[in-house]
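What follows is a short report on a single structure.
Lettering of chains follows the sequences in order, A, B, ..., and the numbering in each one begins at 1.
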Protein chains: 2
Amino acid sequence: MADTMTKHDFDSDGNAPKRRVRADAQRNEDAVLEAAKAVFATAGVDAPVREIATRAGVGVGTLYRRFPTRSDLVAAVFRREVDACAATAETLAMDYPPGEALVRWLNRYTDFIATKKGLAAALHSGDPAFDALPDYFRAKFEPVLMSLLEAAAAAGEVRRDIAAYDLLRAIGNLSVAGVGDEAGAAHTRSMVELLVDGLRFGAVKAGR
Amino acid sequence: MADTMTKHDFDSDGNAPKRRVRADAQRNEDAVLEAAKAVFATAGVDAPVREIATRAGVGVGTLYRRFPTRSDLVAAVFRREVDACAATAETLAMDYPPGEALVRWLNRYTDFIATKKGLAAALHSGDPAFDALPDYFRAKFEPVLMSLLEAAAAAGEVRRDIAAYDLLRAIGNLSVAGVGDEAGAAHTRSMVELLVDGLRFGAVKAGR
DNA sequence: TTGATATACGGAACAACGTTCCGTATATAC
DNA sequence: GTATATACGGAACGTTGTTCCGTATATCAA
């Protein structure tokens, strides 16, 4: 039978496909993301895929259909949470004076990272699935921190010669140490404060 | 002629081992450590055990006899390198003024960490084999940095309220980002400098 | 030297993981 | 209601870390 000429074919890029996404597929994707978020927070990003699939009530095949690699799943979950954290900056900027907004967001950011067991390592593991993550991370967070930084600098509270991205990375890495450790969290916080003092140091010298 | 009468019986601590350590065993242990050091530097601490065994010219069984866990091997290699890095501090302290010696050692330390792909993550992974590492790390590095810090503080170049250990951890974590990345190394360096500026900031104010 | 034996060796075998495959089930379009 | 594209579950595969054990050998006593 040569019925190769199928009836519906030209659903090229960006056009409406003949069939819409199946409801169960969508439901399962959500379930997987939700389960993954929970499992990652508990057991770190190295948690077995099977565990996530089970928790989501699907088979591993289903999971892999949507996330071809465990790294893709990690990336997807990560993106979601980045969005959430970045969003808090605006609120802070409105509710507090520049210097305080900056510090508060930095703390929020620190807490955000604290729930990312092993993620910093994964980011630099060379896995191609994570290649896009730093860019996403940066695209979301840099403008946000730049605003806070600029406002604080304008108020004469911090220096201007530190790039937002550098600060972002520095604090992110600083925070890796405190994961799952009470004393570690305290250390992280004081080191972040030290960094902020470094920021102020410059402002003092340049401000007069 | 009576000679073979115990030329080595109670060496170390009151123990009298019937047989001494076999020569081939010792040789293999060295070979494994050497191979592991090279492989870890190249491929990170997650490199396959088999690869290390092969490179050392031994079977995996032999490797596991001495290092019951891959983590134990990682720990052993790590300890060696910690010793080497800590040792450089004394030299520096003798050859440079306090402030400079401090900064130079901090840089040396940064370079040291830069070759430790993924090790910071391993340290906090919860693997029991690494539990002793932070203590070892601290026991070796803290006194060393305390000396440098104290000398610099005495010279009025830095503040006194930052604990050596915190600084150690902070820089270590800061350095994780720069692994295998040119720009990353530069970022790391400037963040370390920012930290040092934070140290100086306090010194300036502490005139009281 | 020679034999006895504790010790060490290599690599096959096992378990747990990430990932692939494919026969079966089902939501959607007509 | 039927056809069929789509999604599903889970067995199966390759690669890890680790264990096991039969074989080889360095050391000791004679």
Side-chain angles (χ1 to χ4, degrees), chain A residues 1 3-11 16-32 36 39-40 43-75 118 122 125 127-130, chain B residues 1-9 11 16-32 36 39-40 43-75 118 122 125 127-130:
Chain A
M1 290 304 204
D3 65 330
T4 47
M5 157 166 245
T6 48
K7 27 234 169 141
H8 49 59
D9 243 36
F10 55 124
D11 58 332
K18 290 296 182 179
R19 281 163 182 265
R20 54 189 196 199
V21 180
R22 272 172 58 164
D24 55 347
Q26 185 60 51
R27 215 181 314 127
N28 281 328
E29 177 169 339
D30 291 343
V32 167
V39 172
F40 287 159
V45 294
D46 288 332
V49 167
R50 269 174 253 261
E51 187 180 331
I52 296 167
T54 299
R55 183 172 186 134
V58 305
V60 285
T62 298
L63 191 159
Y64 271 90
R65 162 173 292 271
R66 227 154 309 279
F67 306 101
T69 275
R70 62 163 286 114
S71 309
D72 292 325
L73 177 56
V74 172
S125 67
D127 187 320
F130 294 132
Chain B
M1 353 210 99
D3 44 9
T4 57
M5 169 84 186
T6 73
K7 55 184 179 182
H8 60 297
D9 245 19
D11 324 63
K18 294 292 181 183
R19 282 161 183 263
R20 56 187 192 197
V21 179
R22 272 172 59 161
D24 55 347
Q26 184 61 51
R27 215 179 315 126
N28 281 330
E29 177 169 338
D30 290 344
V32 167
V39 172
F40 286 160
V45 294
D46 288 332
V49 167
R50 270 173 254 261
E51 187 181 330
I52 296 168
T54 299
R55 181 172 187 134
V58 305
V60 286
T62 298
L63 191 159
Y64 271 90
R65 162 173 292 273
R66 228 153 308 277
F67 306 101
T69 276
R70 63 163 286 112
S71 309
D72 292 325
L73 177 56
V74 172
S125 68
D127 187 322
F130 294 132

If the cut-off is 4.0 Å, is [X] near the phosphate of [N], judged by side-chain N/O to OP1 or OP2?
{"X": "B:Thr62", "N": "C:dA8", "value": "no"}
{"X": "A:Arg65", "N": "D:dA7", "value": "yes"}
{"X": "B:Arg66", "N": "C:dC9", "value": "yes"}
{"X": "B:Thr69", "N": "D:dG17", "value": "no"}
{"X": "A:Asn28", "N": "D:dC8", "value": "yes"}

Figure out the [atom1]/[atom2] separation between [X] and [N], and round it to whole Å.
{"X": "B:Arg22", "N": "D:dT25", "atom1": "CZ", "atom2": "P", "answer": "9 Å"}
{"X": "A:Arg20", "N": "C:dT28", "atom1": "CZ", "atom2": "P", "answer": "6 Å"}
{"X": "B:Gln26", "N": "D:dT25", "atom1": "CD", "atom2": "C1'", "answer": "17 Å"}
{"X": "B:Tyr64", "N": "D:dT16", "atom1": "OH", "atom2": "P", "answer": "12 Å"}
{"X": "B:Ile52", "N": "D:dT16", "atom1": "CD1", "atom2": "P", "answer": "12 Å"}
{"X": "B:Asp30", "N": "C:dA8", "atom1": "CG", "atom2": "P", "answer": "14 Å"}
{"X": "B:Glu51", "N": "D:dT18", "atom1": "CD", "atom2": "C1'", "answer": "18 Å"}
{"X": "B:Asp72", "N": "D:dG17", "atom1": "CG", "atom2": "C1'", "answer": "13 Å"}

Quiz item: Hey, what do you get for CG (A:Asn28) to CZ (A:Arg66), rounding to the nearest 0.5 Å?
Solution: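 Output value for this atom pair is 7.0 Å.
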
Exercise. Calculate, to the nearest 0.5 Å, the distance between atoms CZ and CD belonging to A:Arg22 and A:Glu29 respectively.
Key: 14.0 Å

Practice problem: Select from B:Ala25 and B:Arg50 the residue whose nearest nucleotide in DNA chain C is closer to the 5' end of that strand. | Solution: B:Ala25

Quiz prompt | First of A:Leu63 and B:Ala47 reached from the 5' end of DNA chain D, by closest nucleotide | solution = A:Leu63

Practice problem: Specify the residue among B:Asp24 and B:Pro68 whose closest nucleotide of DNA chain D lies further upstream toward the 5′ end. | Solution: B:Pro68

Practice problem: Quick one: closest heavy-atom pair of A:Ile52 and A:Val32, and the distance? | Solution: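 It is CG2-O, 4.1 Å.
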
Exercise. Quick one: closest heavy-atom pair of B:Thr69 and B:Tyr64, and the distance?
Key: CA-CE2, 4.1 Å

Quiz prompt | Sugar-phosphate only, base, or nothing, as touched by B:Arg27 at under 4.0 Å among non-hydrogen atoms | solution =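 Answer is nothing: B:Arg27 stays at 4.0 Å or more from every strand.
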
Exercise. Evaluate side chain to side chain contact (heavy atoms under 4.5 Å, CB included) for B:Asp30 paired with B:Arg27, printing each intermediate quantity in order.
Key: CA-CA 5 Å; B:Asp30 290 344; B:Arg27 215 179 315 126; 6.0 Å; no

